[in-house]
Each structure stands twice: as structure tokens, then as C-alpha cells.
Amino acid sequence: FKSPVILRMAQFQLVASQWRPYVLPDLQGPQAPAPRTDESVIDLSVVNVEENSESNGNTTPYVLPPGFNRDYDATSVATRRTNEQSLRLCIDGLQNGAVRAAYKNVTLNLMNYKNIEMFIHAESETPTNEESYAIMRMGTDYTNNYYEIQVPLHFTKPINTSNPDSVWNSHNTIAVSISDLVNTKVARNSSGASQQSGYSRTLANGHIIVVVGNPDLSAVVTIMLGVKNPLGGSNIPQKFCIWTDELRATGFVSHSSIAYAANLNVNLADLGVLNASIRYTSAGFGSLDQKVSQRERANTLEYGVNTTLAMEKFIPGKTGIKLPMYIGYNRKVITPQYDPLNPDVSVDQSVNSQSDPKTYKNLIIDQTATKAINFTGIQKVKVDPKAKKHIYDVENLILSLSYSQTKRTSYDIKNYEFENYKAGLGYNYTNNSKNYTPFKSISATKGLITPLIKDFNFALIPSQISVRGDLDRRLTTTQYYQS
């Protein structure tokens, strides 16, 4: 300013939007013609009850979607309602075959829900129904792995109406079952169609589902809302606006789940102990304090048997041999609820679509088996407790042997095998050798050093000799699938 200016700010607010326009020219899809200069102009803004509830004659007044009410502001002392608003996307000059959109980065798992719903309003000064489309994309990236829902637009007529049913035309409302999205991908995979090109399917309500790549509804990281002038449609550049409101996932996937556990302990007199256990948890099981997304996603079966036996009981006579043996076997089988190679497709649906269902199911099941046998503390003790100990006695030796093996297969590991061999040999000799105290007869008791000298003692041979050697051999083999 060339002269002093006084600014008075009645209310200062910082406004941010999580939705941003996508500016790269690669939204047309894999079947689109060669890209050309896009001269369309996209404008992102919001419309709400407090600022846009009246029409100027060329726009539609904002009203709430049918069946929805404004929430009350719980943080306010006075009774007031919150401002309800929608995302507005206006496009000018949308060419034939062009797509323009806004995107938002998210982290969503939609596998616990049944439907995806959203209200859409469309307005234009030169409306032509079903000539342009509203689109919604969900996937793991913007252009290569996504589900797309296309809705032929029905424009509000007259444009300045305030009737909620006319403003939010039911033909524009997205109400798509998540199973329809997944079924489209399964149908594409079963047909042998290329994943790089878009595979489309038209629903009974006229909505079109397009699948590109290998999207995953259990790990949605991006959502796009936009408009499209379909290829082969109008050659006249399109100009219109849409509102999007109440994008939501509805309906919980609910089913019964079970879990059980059992343990068996058998005491075999003085021969040993036998232990057995089993545990099973089905998909969907969880504690009361867990969220739906935190519950089990697989059927898990674990069982095992192990025993400890005193094998010296089978040796006749009193040999003094101690031969403890441990044998154990454990197995764990994890059957996922969803195909780990297609995380949003159920195992049953994915298996049934394969040419060899049995082989494919064994491929995706995670199986782990462990077996072990141990002989720990093999030794010979003296039959006569009063027998004299010698440094060369075999009773001074202790031998330990063990072997364990773990095998595992899963959807990405063709074969995993771990073997562990252990052997240990120890020697331990103790005796009650005589101690000699040569300065015991000293009569002096005064001084700090005198008591230490008087108590000094030694033996001619060591009272204990211990030696131990261990051998530990581990062999690990891991083989992954090449594709």
C-alpha cells in the first residue's frame, strides 16, 4: 500500500482441506487414447448450510441429504448445531475421454463392512442426463491398482429447487456392495483378462464397476472423487459441478465364531508324565474389549503331545543307569479367512475359482510342525552309595543328546526346514579330600594377619574337577516360491 491502511479482523481462521486436485494427466485409464493437452479447469471448494442455503437463481441452494440431521455441538454452552457441508468439485472444459479428480490419502480396512455409500448432487446450466459420470476410486495407488465406481449423472432440475429429493437425486447415490467390487475382480481373474487393462461390469442400478491391477480393500491408501466425460460420448467440452457428501461404509460383516482349548496331563506312575493340548480359534473371534478390526482373521488350530519317560525302568537289574527321554510333537495350522495373495477375496471364493482347488488351498494354508527327542542327563550312578569315589569312575560322566526339527509351508514359503543337533559330554568329580592346616598350633591371637595365617589350609588333590564339551549343529533350509 502507498498509504497507511488499517485492517480490522473480526474472526481469524486457518482453513485446510484434505482433498487436493490430481494434476497429472494419467487418470484416463489404460484403454484411453494417447494423452493430449488438457485445458479443463477444476475448482475444489465446499458448500454448507450456513453459507450456501440460498440460491442466486443459477445455483442450487444447499440442503441436507434425505434422512440426515445436523449434529448438536457438544462443546458449546449454548444449544447450537454444527455446520453441515459437502465437497464441491466444479469442472469447466472437460473433454471427451477426460477424467479430473481430487484425491485424499487414507488408511482403511473395509473388509469388516458390507456396503459403500455416498450422496452425489449434480448441477449445470445446460444439463443433459447420463452424459457425464461421477467416479470414485479406491485402491493402493492412483492409476495402477484400484476399484472404480462410475455413476451416470442426473442433473437437478430446476437448478434452484430446494427439495432434498431433487437436490440429492437418488439416481446419483452410490450404494455399492463391497462383495460386488470383489466379485468383479474374481470374474476378471477367472476370465483370464489382463490385469493391466480395465475390466468393467455394469450393475443392475446402472452403476459401472471397473477394476485395474490388483487392488486390496483391506489396505486402502487412497480415495479419489472426480468426474468423467466417457470416451465416445459428447465431443462438446462439459461444464458442471457436483457435490459429494457422507462417504461412508455401512453394515458390519457379522458371523458366529468359536474358540476352545483343552489340556490333558497323565501321570504314568514312576515311568513318566504324558501331556497333550489342543487349541482352536475361528476367524472373527475376539475379546469384548477388542475392536472389530483387531479380531482374528484366520482359523487357527494348534495341538501337541509330549512325554517324559524314565527309560531305565525297562533295563532289568540294578545297573544304576539313568536314561531320561523326552519326546514331543507340535503342529500349528493357520487357515486364513481371506486369500493372502488376494487379501480382499475370501479363501472359499478364491479356491473355487482355481483350476485345482485342493492344491491351491494347501498352498495358502500356513502349516508348521515341530518334533523333538531329547536324552538329557544320561549317566550311571553307583549302586552302592557307600562305594568309594575314584577320579576314573564312569559315574563321573554325564551325556546329553537332542534332536529337533521344524518344518513350515505357507503361501510365500515353499519349504522351510530347521534341524538342530546337540550333544554334550560332561565330567564332574568331587571328593572329600583331607585338608591340612599347618599353622593351626599358633597360639598368638592378636593382630589382623594372625587369624588368617592360623586358618590357612590346603589339600593334596583338588576337591572338585569339572569339564564339559558341547556340540551344536544347526541346519536351516528355506525355499521361496519363484512366482
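Hydrogens, waters and symmetry mates are skipped; everything else that's a heavy atom, side chains included, is used.
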Task: Parallel, tilted or perpendicular, as decided by the 30° and 60° cut-offs, for the rings of F458 and F456 - done: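 It falls in the tilted class, 30° to 60°.
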Open item on the list: Check the orientation of Y103 and Y142. Use parallel for under 30°, tilted for 30 to 60°, and perpendicular for over 60°.
Closed with: perpendicular
Basic-acidic side-chain contact under 4.0 Å: [X], [Y]:
X: D356; Y: K358; value: no
X: D270; Y: K313; value: yes
X: E117; Y: R248; value: yes
X: D393; Y: K382; value: yes

Task: Aromatic Y72 / basic R81 pairing, under 6.0 angstrom, 45° off normal - done: yes
Open item on the list: Set out, in order, the CA-CA distance, both residues' side-chain angles and the distance that settles side-chain hydrogen bond (donor to acceptor under 3.5 Å, both in side chains) for Q349 and N183, then state yes or no.
Closed with: CA-CA 9 Å; Q349 189 176 16; N183 291 340; 2.5 Å; yes
TODO: Go through the structure and list residues passing side-chain contact (heavy atoms from CB on, under 4.5 Å) with Q354, not counting sequence neighbours.
DONE: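 Listed in chain order: S350, Y360.
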Open item on the list: Going by side-chain contact (heavy atoms from CB on, under 4.5 Å), name the residues that satisfy it together with D73, two or more places apart in sequence or in a different chain.
Closed with: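 Testing D73 for side-chain contact (heavy atoms from CB on, under 4.5 Å), a comparison that skips the adjacent residues, returns T75, S76, R80, T82.
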Side chains of [Y] and [X]: any donor to acceptor distance under 3.5 Å?
X: E417; Y: Q405; result: yes
X: D344; Y: Y147; result: yes
X: D289; Y: S287; result: yes
X: Y280; Y: E302; result: no
X: K104; Y: Q18; result: yes

Treating [X] as the side-chain partner and [Y] as the backbone partner, does any N or O pair qualify as donor plus acceptor under 3.5 Å?
X: S257; Y: A283; answer: yes
X: N374; Y: T376; answer: no
X: R201; Y: V211; answer: no

TODO: Evaluate the salt bridge (Lys or Arg N to Asp or Glu O under 4.0 Å) criterion for residues E148 and R137: first the C-alpha distance (whole Å), next the side-chain angles of each, then the deciding distance (0.1 Å), finally the verdict.
DONE: CA-CA 4 Å; E148 181 176 280; R137 286 185 184 179; 2.4 Å; yes
Check whether more than 12 heavy atoms from other residues, nucleotides or ligands sit under 6.0 Å from atom [atom1] of [X], and answer yes or no.
X: R20; atom1: CZ; value: no
X: Y113; atom1: OH; value: no
X: K371; atom1: NZ; value: no

Task: F119-F68 aromatic ring centre distance below 6.0 Å - done: yes
Task: Separation of T222 OG1 from D141 CG (nearest 0.5 Å) - done: 8.0 Å
TODO: Evaluate the salt bridge (Lys or Arg N to Asp or Glu O under 4.0 Å) criterion for residues D366 and R408: first the C-alpha distance (whole Å), next the side-chain angles of each, then the deciding distance (0.1 Å), finally the verdict.
DONE: CA-CA 7 Å; D366 192 330; R408 183 190 175 196; 2.7 Å; yes
TODO: Check whether any side-chain heavy atom of I208 sits under 4.5 Å from a side-chain heavy atom of I149, and report yes or no.
DONE: no
Open item on the list: Side chains of L301 and Y303, heavy atoms from C-beta outward: is any pair under 4.5 Å?
Closed with: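 In contact.
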TODO: Go through the steps for S410 and D412 under the test side-chain hydrogen bond (donor to acceptor under 3.5 Å, both in side chains), then give the verdict.
DONE: CA-CA 6 Å; S410 65; D412 60 342; 2.8 Å; yes
Task: Criterion side chain to side chain donor-acceptor pair (under 3.5 Å) against S466, the qualifying member of T430, N428, N396 - done: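 Only one option passes, and that is N428.
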- [ ] Walk me through it: do V176 and L203 pass the test side-chain contact (heavy atoms from CB on, under 4.5 Å)?
- [x] CA-CA 9 Å; V176 175; L203 303 180; 4.2 Å; yes
